[in-house]
Amino acid sequence: MIHTLEAIVDETGTVRLIENLTLPQARRALVMILEEPPLRANELALLSEAALAEDWDRPEEEEAWQHLQPVK
């Protein structure tokens, strides 16, 4: 199975994955260098907000965090 992951390659060639990855054993990988700088942390947060909102807005999540809500 092929996975596509985002990473940042610094000036020295060090590759840092944006997300954690666990594999059953070592695998080959291809690295494609894009002609654009990496997104800043706040841009990444904004891009992930919609995806996270789907999880955060579930009734189970509301119930799990209810104890932290101010009394109404």
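Being a predicted model, the structure only gives us computed values, none of them experimental. Side chains included, hydrogens not; waters and symmetry mates left out as well; all remaining heavy atoms used.
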(request) Please say whether more than 12 non-hydrogen atoms of neighbouring residues, nucleotides or ligands are located less than 6.0 Å from CD in E60. (result) yes
(message) Around atom CG of L68, are there more than 12 heavy atoms from other residues, nucleotides or ligands closer than 6.0 Å?
(response) yes
(message) Given W65, which partner from the list E61, H67, E62 fulfils the side chain to side chain donor-acceptor pair (under 3.5 Å) test?
(response) E61
Extract all donor-acceptor atom pairs below 3.5 Å that involve side chains of residues 11-34 and protein atoms in other chains or at least two apart in sequence.
from	atom 1	to	atom 2	distance (Å)
T12	OG1	D10	OD1	2.7
T12	OG1	T14	OG1	3.2

